[in-house]
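All chains are named by letter (A, B, ...) in the order of the sequence lines, taking the proteins before the strands, and each is independently numbered beginning at 1. Bear in mind that the values here come from a model prediction, so they are computed numbers and not experimental data.
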There are 2 protein chains.
Amino acid sequence: MISEIKQVKWININPSIMEPQKELVRIVIVEDDQLIRESFATLINENENYICVSDYDNCEDAIKNLSSDNPHIILMDIGLPGMSGIQGIRKIKNVKPDVDIITVTVHEEDDKVFDALCAGSTGYLTKNISPKQMINAINEVLTGGAPMSTNIARKVIRSFQKSTESPLTSRETEVLQHLARGKSYTMIADELYINKETVRTHIKNIYQKLNVNSKAGAIEKATKNKLI
Amino acid sequence: MISEIKQVKWININPSIMEPQKELVRIVIVEDDQLIRESFATLINENENYICVSDYDNCEDAIKNLSSDNPHIILMDIGLPGMSGIQGIRKIKNVKPDVDIITVTVHEEDDKVFDALCAGSTGYLTKNISPKQMINAINEVLTGGAPMSTNIARKVIRSFQKSTESPLTSRETEVLQHLARGKSYTMIADELYINKETVRTHIKNIYQKLNVNSKAGAIEKATKNKLI
DNA sequence: AAATAAATCACTCATTATGGGGGATGTTAA
DNA sequence: TTAACATCCCCCATAATGAGTGATTTATTT
């Protein structure tokens, strides 16, 4: 009986009617090191669910062919000749906002990480990851995740966290937060249900403690030291 | 020869001289659901490297015993009776900044996530994780990582990312960014090498486009819509 | 009980900053 | 060749700011 059923399948000219072709995940690689680029491409094509539709050694070409490549995911180096990967991410996200970009790089500097994420990268991997981890990362993106190397994740989390030792009192911190949102003394007073003069006093004390003498100075120092 | 060496080991009264006791990772659980609390504790104690030194159903008690428990890691629920987990995280980090807190909760709301991370949480897990994932998360923290559920990671990343469709020109965005840092028109003009009057014009246009009529309004709207 | 920190409010004074109105010019991209 | 963008200019009234010098009250700590 089993063989009979199989027969039915075999006489079908187009097998896709019986076994509909799986929709492959289209991946583009942008990476100037040929060796790395090719090894990524091989890795991707070895997986039955993925296809590397194109690979480029620069952003400009990748952007040019973006609509014909029509990728779901782009693996992106950010130390590229010509247009930087960061700018590239921005442009790509402008043209095709729904593509997921995974930044893959040797750089672990805070600036690069945050620039890439701000620009629109969905994940941030360092190049020392294993092939298995790379495939995992792609899977994660496809299921709504945001793959990051562990130390990158820690950096990202740390960027949220305020300093535990602030010279400012909680009330002063509150006032400064409002100031940093562009509020005037009068508005701050109204929102905190205190007198404008009290706000002035708090701000005078804040300036003294932070050793500054202007709004901009206080906001800059407080931001840098994660006081707000 | 091997047996001889073993002999030497056996005649030792205190075996720790030969096999020094492994330093156990001390873990504290704060979770008001008794069932969950006990299952976490069991899971931890089953692992030879970990020990659950204490478990509490509220923050206050956990803080009280913080120095005697001396934990490396705290698993923290944030929907607690009495002091909220968020406040608890803040207090704990103030008293003992080097402890790593992993928030474990049913809540996936953006606010809770960011509050917990801002307060000093090193990881953020939702309660639907498997025992294996929980152990993995603890390992990640110990190796400098920041474990997060995938959708939490995406939320965190998204919080960095600017809108791709802004009504503002790049120059206007630039001006607004400076304004949001508390700079005056004059300072902005100096830093962008343009005339103060030009800054004024940009700001007038920004206000019109954002449909506001003040600095605070513009900053609020721009922040909410991720234009800056 | 005395000292300290924190939060609150008051008044003056000079200077800047801000928002709204009007208009203008040159460049670049669609 | 329009439209968008970036640049600059002037007037005006009001609000905001920074510095100075004070005071009161309420906790908390010593």
For this session: Would you mind classifying the nucleic acid contact of Lys204(A) as base, sugar-phosphate or nothing, using non-hydrogen atoms under 4.0 angstrom?
Result: base
Problem set entry | Whether Ser166(B) side chain and Leu168(B) backbone form a donor-acceptor pair below 3.5 Å | yes
Exercise. Where the side chain of Thr186(B) is defined as all heavy atoms beyond and including C-beta, which of dG20(C), dA6(D), dA17(C) is the nearest nucleotide?
Worked result: dA17(C)
Problem set entry | N or O in side chain of Tyr207(A) less than 4.0 angstrom from dG18(D) OP1/OP2 | yes
Exercise. Does Lys215(A) or Leu192(B) map to a spot on DNA chain D nearer the 5' end, using the closest nucleotide for each?
Worked result: Leu192(B)
Exercise. Any side-chain heavy-atom pair from Pro167(B) and Leu227(B) closer than 4.5 angstrom?
Worked result: yes
Exercise. side-chain hydrogen bond (donor to acceptor under 3.5 Å, both in side chains) with Tyr56(B): which of Asp69(B), Asp77(B), Asp61(B), Asp32(B)?
Worked result: Asp69(B)
Problem set entry | Sugar-phosphate, base or nothing in reach of Asn205(A), heavy atoms under 4.0 Å | nothing
For this session: Check whether any side-chain N or O of Ser121(A) sits under 3.5 Å from a backbone N or O of Ile101(A) as a donor-acceptor pair, and report yes or no.
Result: yes
Problem set entry | Exam field: side chain His72(A) to backbone Arg26(A), donor-acceptor pair closer than 3.5 Å | yes
Seminar exercise, completed: Of dA6(D), dA17(C), dG20(C), the nucleotide closest to the side chain of Arg200(B) is dG20(C)
Exercise. Among dC5(D), dA7(C), dG18(D), which nucleotide sits nearest the side chain of Thr169(B)?
Worked result: dC5(D)
Exercise. Of all the choices, dG18(D), dT18(C), dT8(C), which nucleotide is nearest to the side chain of Thr201(A) once you look at every atom?
Worked result: dT8(C)
Problem set entry | Shortest side-chain distance from His202(B), nucleotide among dT7(D), dG19(C), dC9(D) | dT7(D)
Exercise. How would you label the contact of Thr198(A) with the nucleic acid (heavy atoms, under 4.0 Å): base, sugar-phosphate, or nothing?
Worked result: base
Sort me out a list of protein N/O and nucleotides 28-30 of chain D N/O pairs below 3.5 Å, or just none if empty.
none

For this session: Among dT8(C), dA7(C), dA17(C), find the nucleotide with the atom closest to the side chain of Ile194(A).
Result: dT8(C)
Seminar exercise, completed: Nearest-nucleotide check on DNA chain D, Lys196(B) vs Pro167(B); residue mapping nearer the 5' end is Pro167(B)
Problem set entry | Distance, nearest 0.5 Å, that separates CD of Glu31(A) from CD1 of Ile74(A) | 14.0 Å
Exercise. Nearest-Å distance, NE2 (His178(B)) to C1' (dA17(C))?
Worked result: 17 Å
Problem set entry | Any Ser184(A) side-chain N or O less than 4.0 Å from OP1/OP2 of dA16(D) | yes
Exercise. What orientation do Phe160(B) and Phe160(A) show, parallel under 30°, tilted 30 to 60°, or perpendicular over 60°?
Worked result: perpendicular
